[in-house]
Amino acid sequence: MTAAIATLLVLQTPTSLFDTSARAHGQVRELSASIVLSGATQGQKAVSTIRLYSTPTVLVMRIQEPPRPNLERTDRTYRVSGIRFEGYDAIANERLGRDLPNMGTPVDKMTFALGALEEAPAVLLVPGRMKKLFEGLKAMPGWQTSPGPGVLKLTRKGAVKGQNLGEARVLFGAKDRLLRELLMKGRGAELNWKITYGGAKVGFGPTADARRVSAFTVAEAPARYATAEARQVYDRMVRAASGIRSGTVLVRDQEASVRLAFQGRSVREGRSGFVWVFDGTSLFVHNSITKRFYRGKARRSDVIDIVAKLGGRVDVWSRYVLLRRVPFKDIVGSGDTVSVGGSMSIGGVPRTILRAVRPRKRVSFSIRTDNRLPDSIQIELLDIDSRLLSSSKRTYEYLRLNQQQPAEEFRLPVPKGTRVQSLPEIKIFG
């Protein structure tokens, strides 16, 4: 320990260390940092990493989390520059982007876009959050000051009355006084932040083929498979569905019959009394019940909300196409046990019955062996005693898959006697 650090340590009280650190963070204009977060609750441990790059005009944040119960690992990067908010999911290869209200700092805009920031980056980026954390720590009795290699260390042991806290440690840089580590332990729980500064700046670089979406997919952990055959049948279904680039699909359930056509950037959906066509840049909607025709420029991510606002509903299949999702993949996930339930033949085409079962839900797919796509899906919901609460069934008919669709599919002329109006405005947030 150098004489200078030893002298500072004698003069430094725990309270003044917290205050000095808060002032040091407030003077940082360009922050590049990496935070390793580890924690344990009821025996479950997890380690994740958050990388930050922040200036008065730009904020980039990359969050990498390990697999968790029912969820796969995640790797997502977010960027705010000006009023533009962008995100990239490296696992799902998805990207999103939207304009934000011109409000406050990049941190304010990122918080607005995400709803909230993780606690660790919020403490580093928002002076008020750091002050609140430090005020709480200062109020705890029993802090001891000691040196470490390149750091000043505060430690305390013993329970805090009225709080689930037994041990705590806080490290600050010996020279810059920036927060380097926070460790807090209590009954059955532990939290640890380790922070390093400098190094390579985190960047924002989606791949060229990243799918543009309006919201990231929540990636569930995979289902369990009773047999190798069950997994093979399911995987073939998903591959077949992911390979569909164009086609016409007829969907029927207890409530409605829907006809969907799609090709390239264009999508058309029609049901009784309501038709809409999106050509990639403009949306055309005809509500024959109200005798209204709407048209105007629209973003793909807004089509679902606009159609709903005009009295319609976008079918699940159309949502897959608009959001560039793989059809049917979201129906089976963590908690399901997938098995082969038998086979049958309809119209000379064999079908394999695939079942996905969890305690309160049963799903049954009838999968054609010619195109490996389901022609019906039945979903049953059960009560706590495994009694049937409700049952729904959807059937699918596929026409002209991966073939050129007729051009007239994606034209929607104004019918006679119909009032023409502009599309309503859609607020992206709130």
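Worth knowing before you read on, the calculation uses all heavy atoms, side chains too, and leaves out hydrogens, waters and symmetry mates.
- Considering only residues two or more places apart in sequence or on other chains, R355 meets the salt bridge (Lys or Arg N to Asp or Glu O under 4.0 Å) condition with none of them.
- Pairs of residues two or more places apart, or lying in two chains, that qualify as side-chain hydrogen bond (donor to acceptor under 3.5 Å, both in side chains) and include a residue from residues 256-268 are R259-E409.
- In this structure K416 satisfies the side-chain contact (heavy atoms from CB on, under 4.5 Å) test with no other residue, sequence neighbours excluded.
- The side-chain contact (heavy atoms from CB on, under 4.5 Å) test applied to R29 returns P56, not counting sequence neighbours.
- Within 6.0 Å of the CZ atom in R212, the count of heavy atoms belonging to other residues, nucleotides or ligands does not exceed 12.
- Remark: R239 pairs with no residue by the salt bridge (Lys or Arg N to Asp or Glu O under 4.0 Å) rule, at least two apart or across chains.
- Applying the salt bridge (Lys or Arg N to Asp or Glu O under 4.0 Å) criterion to R387, with sequence neighbours excluded, gives D383, D385.
- Among residues at least two apart or in separate chains, salt bridge (charged side-chain N to carboxylate O under 4.0 Å, His left out) pairs with a member in residues 194-205 are E30-K201.
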Using atom types as modelled, flag every donor-acceptor pair under 3.5 Å from a side chain in residues 339-352 to any protein atom, sequence neighbours excluded.
residue	atom	partner	partner atom	Å
R351	NE	D375	OD2	2.6
R351	NH1	I346	O	2.8
R351	NH1	V349	O	2.8
R351	NH2	D375	OD2	2.6

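- Between R252 and E397 there is a salt bridge, with a side-chain nitrogen of the basic residue lying less than 4.0 Å from a carboxylate oxygen of the acidic one.
- A salt bridge does not link R98 to E86: none of the charged nitrogens lies less than 4.0 Å from a carboxylate oxygen.
- Taking R372 as the reference, nothing meets the salt bridge (Lys or Arg N to Asp or Glu O under 4.0 Å) condition, with sequence neighbours excluded.
- Between the side chain of N102 and the backbone N or O of I83, no donor-acceptor pair lies under 3.5 Å.
- The two atoms that bring S318 and L260 nearest to each other are OG-CD1, 3.3 Å, heavy atoms only.
- Applying the side-chain hydrogen bond (donor to acceptor under 3.5 Å, both in side chains) test to T337 and every residue at least two apart in sequence or in another chain returns R224.
- Distance CZ/R300 to CG/L323: 8.5 Å, rounded to 0.5 Å.
- Here F172 pairs with F18 under the ring-ring contact (aromatic ring centres under 6.0 Å, His included) rule; sequence neighbours left out.
- Qualifying ring-ring contact (aromatic ring centres under 6.0 Å, His included) partners for F365, counting only residues two or more places apart in sequence or in other chains: none.
- One distance of note links CZ of R180 with CG of L171; it measures 9.5 Å at 0.5 Å rounding.
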